[in-house]
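All figures in this text were calculated on a predicted structure; none of them were measured in a lab.
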Amino acid sequence: MLRLGNSNNRVKTRMLTKSSMDPRLTVVALTVAALVGCGGGEKPKPESTAAAPPSAAAPAVPAPAAGAPGAAQAITGKTWDVKMYADEKGSRFDPVSITIKRGDGIRWTLVNGPPHNVAFWNDSIPSGAASVLQGNMPDQVGPLSGTMMTNPNQTYTISFAGVPAGTYHYYCVPHLALGMKGVITVQQ
């Protein structure tokens with residue numbers, strides 16, 4: 001109810017209905033309710049960030065069971081570095097193409113333009129690679145999709161131990177539309 005006074009100090013009373021409310025007030029109220037409902041949750045680990053929903057581009061690949069061929073394997077060779085950028089030169093991996101040996105690892109480092117991550121297309125990697133690769137990927141946000149990195153100098157490392165030789169096409173989920181893709185060639 002709303003009480004309104006007039007010049008004769010009489011009080012009028014009327015009911016507010018949906019049609020009498022300012023639509024902007026309704027929008028503000030709903031926005032505040034939505035924001036309040038989104039708060040809370042667990043704090044992210046220092047080396048990872050809150051996960052974004054899995055990308056529609058990420059294919060469904062079941063997680064390997066512990067001890068299965070897809071279980072995490074340690075890097076047995078060299079660890080290569082790839083930088084991640086999103087700046088005036090575009091969104092990109094540097095180098096965009098890299099050749100490594102089986103057993104090597106790759107460490108991706110966020111330089112600027114977060115968030116970034118590393119995700120693989122299931123149909124653009126060698127046959128039989130998905131379960132091994134997924135088992136070697138820590139902190140995933142979805143199948144064959146690594147955690148979102150948001151802080152400069154944050155890193156994400158994947159072991160390529162146990163994976164089949166061949167070509168692995170990958171991308172950054174948040175920057176795929178901007179062409180942020182890379183290629184890894186794994187040799188025996």
Side-chain angles (χ1 to χ4, degrees), residues 31 34-35 37-39 41-63 70 72 75 78-102 104-161 163-187:
T31 301
L35 290 174
C38 290
E42 290 185 31
K43 298 277 185 207
K45 297 179 201 174
E47 293 186 341
S48 69
T49 60
S55 165
V61 176
I75 296 169
K78 180 178 178 177
T79 299
W80 300 82
D81 287 298
V82 174
K83 306 293 184 195
M84 305 165 93
Y85 299 93
D87 55 22
E88 66 280 351
K89 294 180 183 176
S91 298
R92 65 198 182 283
F93 294 104
D94 183 26
V96 70
S97 180
I98 188 168
T99 300
I100 65 173
K101 295 202 181 297
R102 194 167 159 185
D104 287 353
I106 298 178
R107 177 178 42 238
W108 285 268
T109 302
L110 185 154
V111 175
N112 60 27
H116 290 297
N117 84 328
V118 175
F120 295 86
W121 286 285
N122 191 34
D123 62 351
S124 295
I125 59 177
S127 178
S131 65
V132 177
L133 181 60
Q134 182 157 323
N136 288 350
M137 293 177 70
D139 303 323
Q140 297 172 48
V141 297
L144 296 174
S145 186
T147 190
M148 292 292 165
M149 297 185 290
T150 58
N151 299 313
N153 299 316
Q154 190 173 358
T155 62
Y156 185 74
T157 304
I158 298 175
S159 168
F160 285 83
V163 301
T167 303
Y168 292 72
H169 294 271
Y170 72 98
Y171 60 99
C172 172
V173 172
H175 298 109
L176 176 59
L178 299 174
M180 190 167 177
K181 301 179 212 172
V183 179
I184 301 163
T185 303
V186 177
Q187 299 176 334

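In this structure, the separation between CE on Met84 and CZ on Phe93 is 4.5 Å, given to the nearest 0.5 Å. Rounding to the nearest 0.5 Å gives a distance of 11.5 Å between CG of Leu110 and CE of Met148.
Val118 has its side chain out of reach of Ile106: every pair of non-hydrogen atoms, C-beta onward, lies at least 4.5 Å apart. Using a 4.5 Å heavy-atom threshold, the side chains of Thr157 and Ile75 count as touching. Counting heavy atoms from C-beta outward, Leu144 and Met137 have side chains that approach closer than 4.5 Å. Within the 4.5 Å cutoff, the side chain of Asn151 has no heavy atoms near those of the Pro114 side chain. Under the 4.5 Å side-chain criterion, counting only non-hydrogen atoms from C-beta, Asn122 is not in contact with Pro143. For the pair Phe120/Ile158, a side-chain contact is recorded, criterion being any heavy-atom separation below 4.5 Å from C-beta on.
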Which pairs would a plain distance check flag for residues 175-186, meaning a side-chain donor or acceptor within less than 3.5 Å of a matching protein atom at least two apart in sequence or in another chain?
from   : atom 1 : to     : atom 2 : distance (Å)
His175 : ND1    : Pro115 : O      : 3.4
His175 : ND1    : His116 : ND1    : 3.2

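At least one donor-acceptor pair closer than 3.5 Å links the side chain of Gln154 to the backbone N or O of Thr150.
Pro138 is linked by a side chain to side chain contact (heavy atoms under 4.5 Å, CB included) to Tyr156, counting only residues two or more places apart in sequence or in another chain.
Below 30°, between 30° and 60°, or above 60°: for Tyr168 and Phe160 the angle between ring planes is above 60°, a perpendicular geometry.
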| request: List the steps, then state whether side-chain hydrogen bond (donor to acceptor under 3.5 Å, both in side chains) holds for Asn117 with Ser145. | output: CA-CA 7 Å; Asn117 84 328; Ser145 186; 3.2 Å; yes

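A salt bridge (charged side-chain N to carboxylate O under 4.0 Å, His left out) check over residues 92-102, counting only residues at least two apart or in different chains, returns the pairs Asp87-Arg92.
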